[in-house]
Amino acid sequence: MPIFFPNSEQKLLHRAQLVAGYTFGEIAQYLNIPIPADLSKQKGWVGNLIEIFLGANAGSKAERDFANLGIELKTIPVDKQGKPLETTFVSVTPLMANHGVIWETSHVKYKLTKVLWIPIEGERTIPLADRKVGKPILWTPTQEQERQLKQDWEELMDMIALGQVEKITAHYGTYLQLRPKAANGQALTEAIGENGQIILTRPRGFYLKKSFTMQILDNAMKS
DNA sequence: GATTGATCATTA
DNA sequence: TAATGATCAATC
(Lines give C-alpha, C1' and ligand atoms only; values in the text may rest on other atoms or scores of the structure.)
Protein backbone atom coordinates (compact mmCIF):
# COMPACT_ATOMS: atom_id res chain seq x y z
CA MET A 1 0.00 0.00 0.00
CA PRO A 2 1.70 3.17 -1.14
CA ILE A 3 1.76 5.96 1.39
CA PHE A 4 1.02 8.43 -1.31
CA PHE A 5 -0.32 8.24 -4.82
CA PRO A 6 -0.17 11.28 -7.08
CA ASN A 7 -3.22 11.57 -9.28
CA SER A 8 -2.34 14.95 -10.66
CA GLU A 9 0.70 16.86 -11.70
CA GLN A 10 -0.03 19.49 -9.04
CA LYS A 11 -0.19 16.96 -6.24
CA LEU A 12 3.03 15.31 -7.34
CA LEU A 13 4.82 18.63 -7.58
CA HIS A 14 3.44 19.73 -4.24
CA ARG A 15 4.70 16.62 -2.52
CA ALA A 16 8.06 16.97 -4.20
CA GLN A 17 8.25 20.53 -2.92
CA LEU A 18 7.38 19.26 0.52
CA VAL A 19 10.47 17.04 0.76
CA ALA A 20 12.78 19.83 -0.35
CA GLY A 21 15.14 20.66 2.48
CA TYR A 22 14.78 17.36 4.28
CA THR A 23 17.73 15.01 4.70
CA PHE A 24 17.88 11.46 3.41
CA GLY A 25 18.06 10.33 7.02
CA GLU A 26 14.76 12.00 7.87
CA ILE A 27 13.03 10.62 4.81
CA ALA A 28 14.41 7.11 5.31
CA GLN A 29 13.27 7.12 8.92
CA TYR A 30 9.81 8.27 7.92
CA LEU A 31 9.58 5.48 5.34
CA ASN A 32 11.21 2.90 7.61
CA ILE A 33 14.00 2.23 5.19
CA PRO A 34 17.52 1.40 6.37
CA ILE A 35 20.31 3.71 5.28
CA PRO A 36 23.23 1.95 3.58
CA ALA A 37 26.73 2.61 4.90
CA ASP A 38 27.69 3.91 1.49
CA LEU A 39 26.33 4.03 -2.02
CA SER A 40 29.03 1.85 -3.54
CA LYS A 41 26.96 -1.24 -2.85
CA GLN A 42 23.62 0.36 -3.55
CA LYS A 43 23.98 2.92 -6.28
CA GLY A 44 20.31 3.41 -6.90
CA TRP A 45 19.35 3.89 -3.27
CA VAL A 46 18.62 7.60 -3.38
CA GLY A 47 16.59 7.24 -6.54
CA ASN A 48 14.51 4.47 -4.96
CA LEU A 49 14.02 6.44 -1.76
CA ILE A 50 12.58 9.42 -3.61
CA GLU A 51 10.47 7.16 -5.79
CA ILE A 52 8.85 5.58 -2.77
CA PHE A 53 8.20 8.90 -1.12
CA LEU A 54 6.61 10.33 -4.23
CA GLY A 55 4.59 7.21 -4.96
CA ALA A 56 6.26 6.16 -8.20
CA ASN A 57 5.95 2.61 -9.46
CA ALA A 58 9.00 1.33 -7.65
CA GLY A 59 11.03 -1.50 -9.00
CA SER A 60 11.85 -2.35 -12.56
CA LYS A 61 9.25 -1.50 -15.12
CA ALA A 62 9.72 -0.45 -18.71
CA GLU A 63 7.38 2.45 -18.10
CA ARG A 64 7.61 5.97 -16.95
CA ASP A 65 7.58 6.45 -13.22
CA PHE A 66 4.23 8.15 -13.28
CA ALA A 67 2.59 6.46 -16.23
CA ASN A 68 -0.76 8.05 -15.50
CA LEU A 69 0.77 11.52 -15.51
CA GLY A 70 3.29 10.95 -18.30
CA ILE A 71 6.12 12.05 -16.04
CA GLU A 72 9.57 10.57 -15.57
CA LEU A 73 11.29 10.98 -12.21
CA LYS A 74 15.01 11.54 -11.97
CA THR A 75 17.26 12.42 -9.08
CA ILE A 76 20.40 14.30 -9.96
CA PRO A 77 23.39 14.68 -7.65
CA VAL A 78 24.66 18.26 -7.48
CA ASP A 79 27.51 20.08 -5.75
CA LYS A 80 27.31 23.20 -3.58
CA GLN A 81 27.00 25.43 -6.63
CA GLY A 82 24.08 23.38 -7.85
CA LYS A 83 26.07 21.92 -10.70
CA PRO A 84 25.55 18.27 -11.68
CA LEU A 85 28.13 15.82 -10.37
CA GLU A 86 27.16 12.99 -12.64
CA THR A 87 25.81 12.29 -16.08
CA THR A 88 22.21 11.14 -16.21
CA PHE A 89 21.13 7.78 -17.53
CA VAL A 90 18.22 8.07 -19.94
CA SER A 91 17.49 4.69 -21.46
CA VAL A 92 18.97 1.53 -22.83
CA THR A 93 20.15 1.78 -26.41
CA PRO A 94 18.48 -0.51 -28.91
CA LEU A 95 21.29 -2.19 -30.84
CA MET A 96 19.15 -4.42 -33.03
CA ALA A 97 16.06 -4.03 -35.17
CA ASN A 98 16.55 -0.38 -35.77
CA HIS A 99 15.08 -0.27 -39.24
CA GLY A 100 13.05 2.87 -39.61
CA VAL A 101 13.50 3.91 -36.03
CA ILE A 102 13.20 7.66 -35.87
CA TRP A 103 13.71 10.27 -33.15
CA GLU A 104 10.03 11.01 -32.88
CA THR A 105 9.27 7.50 -31.66
CA SER A 106 12.49 6.83 -29.76
CA HIS A 107 12.70 5.85 -26.12
CA VAL A 108 14.90 8.83 -25.45
CA LYS A 109 12.39 11.40 -26.68
CA TYR A 110 9.57 9.51 -24.98
CA LYS A 111 11.29 9.50 -21.62
CA LEU A 112 12.38 13.08 -21.84
CA THR A 113 8.99 14.47 -22.80
CA LYS A 114 8.36 15.54 -19.23
CA VAL A 115 10.77 14.98 -16.37
CA LEU A 116 10.54 15.78 -12.68
CA TRP A 117 14.13 16.48 -11.67
CA ILE A 118 14.95 16.20 -7.98
CA PRO A 119 18.36 17.73 -7.24
CA ILE A 120 20.06 16.03 -4.31
CA GLU A 121 23.25 16.85 -2.48
CA GLY A 122 25.76 14.43 -3.88
CA GLU A 123 29.11 15.45 -2.46
CA ARG A 124 30.83 12.48 -0.92
CA THR A 125 32.12 14.61 1.94
CA ILE A 126 28.56 14.85 3.25
CA PRO A 127 27.38 11.75 5.16
CA LEU A 128 24.53 10.03 3.33
CA ALA A 129 21.99 10.61 6.09
CA ASP A 130 22.82 14.33 6.18
CA ARG A 131 22.47 15.04 2.49
CA LYS A 132 19.44 17.09 1.57
CA VAL A 133 16.86 17.04 -1.15
CA GLY A 134 16.63 20.12 -3.37
CA LYS A 135 13.75 21.93 -5.01
CA PRO A 136 12.00 19.91 -7.69
CA ILE A 137 12.05 21.01 -11.31
CA LEU A 138 9.28 19.96 -13.66
CA TRP A 139 10.91 20.15 -17.06
CA THR A 140 9.89 19.84 -20.67
CA PRO A 141 12.58 20.26 -23.34
CA THR A 142 12.66 23.54 -25.21
CA GLN A 143 12.72 23.37 -28.99
CA GLU A 144 16.43 24.10 -28.91
CA GLN A 145 17.14 21.39 -26.35
CA GLU A 146 15.16 18.84 -28.30
CA ARG A 147 17.00 19.78 -31.48
CA GLN A 148 20.34 19.21 -29.73
CA LEU A 149 19.29 15.84 -28.42
CA LYS A 150 17.86 14.77 -31.75
CA GLN A 151 21.08 15.63 -33.52
CA ASP A 152 23.22 13.54 -31.17
CA TRP A 153 20.71 10.71 -31.16
CA GLU A 154 20.65 10.50 -34.95
CA GLU A 155 24.43 10.49 -35.21
CA LEU A 156 24.73 7.67 -32.68
CA MET A 157 21.88 5.61 -34.08
CA ASP A 158 23.33 5.90 -37.57
CA MET A 159 26.62 4.48 -36.37
CA ILE A 160 24.82 1.61 -34.65
CA ALA A 161 22.85 0.80 -37.79
CA LEU A 162 26.08 0.82 -39.78
CA GLY A 163 27.66 -1.73 -37.49
CA GLN A 164 29.99 0.66 -35.75
CA VAL A 165 28.74 0.19 -32.19
CA GLU A 166 32.14 -0.82 -30.94
CA LYS A 167 33.74 2.31 -32.35
CA ILE A 168 31.43 4.55 -30.37
CA THR A 169 32.96 5.95 -27.23
CA ALA A 170 31.51 8.39 -24.72
CA HIS A 171 33.23 11.16 -26.69
CA TYR A 172 30.56 11.10 -29.37
CA GLY A 173 27.61 13.38 -29.01
CA THR A 174 27.51 16.88 -27.63
CA TYR A 175 24.81 16.46 -25.01
CA LEU A 176 23.78 12.84 -25.41
CA GLN A 177 26.43 10.17 -25.07
CA LEU A 178 26.54 6.41 -25.42
CA ARG A 179 28.18 4.43 -22.63
CA PRO A 180 28.16 0.85 -21.34
CA LYS A 181 25.18 0.05 -19.16
CA ALA A 182 25.37 -3.40 -17.66
CA ALA A 183 25.59 -5.41 -14.50
CA ASN A 184 29.26 -6.06 -15.25
CA GLY A 185 31.81 -6.36 -17.99
CA GLN A 186 30.65 -9.84 -18.88
CA ALA A 187 27.09 -8.96 -19.81
CA LEU A 188 26.50 -9.32 -23.51
CA THR A 189 23.76 -8.49 -25.95
CA GLU A 190 23.36 -8.75 -29.71
CA ALA A 191 24.36 -5.93 -32.02
CA ILE A 192 25.19 -5.33 -35.65
CA GLY A 193 28.81 -5.95 -36.61
CA GLU A 194 31.00 -4.22 -39.16
CA ASN A 195 29.97 -6.54 -41.96
CA GLY A 196 26.33 -6.61 -41.03
CA GLN A 197 26.65 -9.82 -39.08
CA ILE A 198 25.37 -10.27 -35.57
CA ILE A 199 27.95 -9.75 -32.87
CA LEU A 200 27.87 -9.83 -29.10
CA THR A 201 28.74 -6.67 -27.26
CA ARG A 202 28.20 -4.90 -23.99
CA PRO A 203 24.74 -3.40 -23.56
CA ARG A 204 24.81 0.36 -24.02
CA GLY A 205 22.74 3.20 -22.68
CA PHE A 206 22.09 6.83 -23.53
CA TYR A 207 23.31 9.33 -20.97
CA LEU A 208 22.82 13.09 -20.71
CA LYS A 209 26.09 14.92 -20.26
CA LYS A 210 26.50 17.35 -17.40
CA SER A 211 26.53 20.33 -19.72
CA PHE A 212 22.97 19.49 -20.71
CA THR A 213 21.53 18.87 -17.27
CA MET A 214 23.30 22.00 -16.08
CA GLN A 215 21.21 24.02 -18.57
CA ILE A 216 18.07 22.58 -17.06
CA LEU A 217 19.10 23.42 -13.51
CA ASP A 218 20.24 26.91 -14.49
CA ASN A 219 17.05 27.75 -16.32
CA ALA A 220 15.03 26.59 -13.36
CA MET A 221 17.00 28.86 -11.05
CA LYS A 222 16.30 31.89 -13.20
CA SER A 223 12.59 31.39 -13.59
C1' DG B 1 20.15 -11.65 -19.12
C1' DA B 2 17.66 -7.47 -19.26
C1' DT B 3 14.98 -4.09 -16.90
C1' DT B 4 14.76 -0.41 -13.38
C1' DG B 5 17.46 2.85 -10.18
C1' DA B 6 22.22 5.16 -10.70
C1' DT B 7 27.33 6.06 -8.71
C1' DC B 8 31.98 4.27 -8.42
C1' DA B 9 36.79 4.47 -9.42
C1' DT B 10 40.45 4.38 -12.58
C1' DT B 11 42.24 6.85 -16.42
C1' DA B 12 43.60 10.54 -19.03
C1' DT C 1 39.78 16.81 -11.37
C1' DA C 2 36.73 15.74 -14.91
C1' DA C 3 35.21 12.19 -17.73
C1' DT C 4 35.00 7.47 -19.39
C1' DG C 5 34.34 2.93 -18.81
C1' DA C 6 32.95 -0.33 -15.06
C1' DT C 7 29.96 -1.81 -11.71
C1' DC C 8 26.14 -2.62 -7.70
C1' DA C 9 21.31 -4.17 -6.16
C1' DA C 10 16.57 -5.53 -6.77
C1' DT C 11 13.37 -7.36 -9.75
C1' DC C 12 11.26 -9.95 -13.70
Side-chain angles (χ1 to χ4, degrees), chain A residues 2 16 24 27-28 31 33-67 71-97 106-108 110-112 115-129 131 133-134 152 156 159 165-191 198-214 216:
Chain A
F24 299 170
I27 299 166
L31 296 174
I33 294 172
I35 300 170
D38 65 287
L39 258 29
S40 68
K41 294 288 180 190
Q42 243 174 304
K43 299 185 180 182
W45 185 78
V46 182
N48 294 144
L49 183 75
I50 303 297
E51 277 190 345
I52 294 167
F53 189 84
L54 295 182
N57 309 315
S60 57
K61 281 188 182 176
E63 282 183 347
R64 277 183 291 207
D65 301 299
F66 301 99
I71 293 175
E72 171 77 10
L73 176 71
K74 290 209 167 297
T75 55
I76 178 163
V78 297
D79 65 14
K80 280 176 187 156
Q81 283 77 47
K83 292 196 298 184
L85 284 165
E86 292 284 349
T87 52
T88 304
F89 172 69
V90 180
S91 71
V92 170
T93 311
L95 299 177
M96 293 291 287
S106 68
H107 294 309
V108 176
Y110 176 78
K111 281 223 170 182
L112 296 181
V115 181
L116 182 65
W117 297 94
I118 310 284
I120 54 169
E121 287 178 349
E123 286 175 325
R124 297 186 200 177
T125 51
I126 308 172
L128 241 199
R131 296 187 199 171
V133 175
D152 286 342
L156 294 167
M159 290 188 71
V165 209
E166 306 217 289
K167 287 186 180 158
I168 300 176
T169 70
H171 293 289
Y172 286 86
T174 311
Y175 295 109
L176 197 64
Q177 60 179 189
L178 201 67
R179 303 227 307 277
K181 169 69 166 111
N184 55 59
Q186 277 70 53
L188 294 173
T189 191
E190 291 186 338
I198 292 174
I199 59 167
L200 288 175
T201 188
R202 313 267 309 289
R204 312 298 164 94
F206 284 114
Y207 292 77
L208 294 176
K209 290 194 177 182
K210 293 184 202 173
S211 54
F212 188 84
T213 44
M214 192 160 59
I216 298 172

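Side chains are part of it too, since the values below use all heavy atoms of this structure and drop only hydrogens, waters and symmetry mates. Throughout, protein chains are lettered first and strands after them, A, B, ... in sequence-line order, and every chain is numbered starting at 1. Predicted model, so just to flag it, every value in this text is computed and none were measured.
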- [ ] Look at the side-chain N and O atoms of A:R179 and state whether any lies under 4.0 Å from the OP1 or OP2 oxygen of C:dA6.
- [x] no

Quick one: which of [options] gets closest to the side chain of [X]?
X      : options             : result
A:Q177 : B:dT4, C:dT4, B:dA2 : C:dT4
A:K74  : C:dT7, B:dA6, B:dC8 : B:dA6
A:E86  : C:dA2, C:dG5, B:dC8 : B:dC8
A:K41  : B:dC8, C:dA9, C:dA2 : C:dA9
A:V92  : C:dG5, B:dT3, B:dT7 : B:dT3
A:T75  : C:dG5, B:dA6, C:dA2 : B:dA6
A:P180 : B:dA6, C:dG5, B:dT7 : C:dG5
A:N48  : B:dT3, B:dT7, B:dG5 : B:dG5

Measure from [atom1] on [X] to [atom2] on [N] and round the result to the nearest Å.
X      : N     : atom1 : atom2 : value
A:M96  : B:dA2 : CE    : C1'   : 15 Å
A:D38  : B:dA9 : CG    : C1'   : 13 Å
A:F206 : B:dA6 : CZ    : C1'   : 18 Å
A:F89  : C:dC8 : CZ    : P     : 17 Å
A:L188 : B:dA2 : CG    : C1'   : 12 Å
A:L200 : B:dA2 : CG    : P     : 9 Å
A:K43  : B:dA6 : NZ    : C1'   : 8 Å

Task: Comparing A:K209 and A:A182 on DNA chain C - which has the more 5′ nearest nucleotide - done: A:K209

- [ ] Can you check whether any acceptor in the base of C:dA3 is under 3.5 Å from a donor in the side chain of A:Y207, or vice versa?
- [x] no

Open item on the list: Ignoring hydrogens and geometry beyond distance, is the side chain of A:K181 in donor-acceptor contact with the base of C:dG5 at under 3.5 Å?
Closed with: no

Task: Position toward the 5' end of DNA chain B (nearest nucleotide), A:T189 or A:Q42 - done: A:T189

TODO: Select from A:W45 and A:R131 the residue whose nearest nucleotide in DNA chain B is closer to the 5' end of that strand.
DONE: A:W45

Check for a donor-acceptor pair, side chain of [X] on one end and backbone N or O of [Y] on the other, with a separation under 3.5 Å.
X      : Y      : value
A:K181 : A:Y207 : no
A:N184 : A:A187 : yes
A:Y172 : A:D152 : no
A:K74  : A:F89  : yes
A:R131 : A:I126 : yes

TODO: Classify the nucleic acid contact of A:Q186 as base, sugar-phosphate or nothing, counting any heavy atom under 4.0 Å across all strands shown.
DONE: nothing

Open item on the list: Let me confirm one number: the CZ-CG distance from A:F66 to A:L54, rounded to the nearest 0.5 Å.
Closed with: 5.0 Å

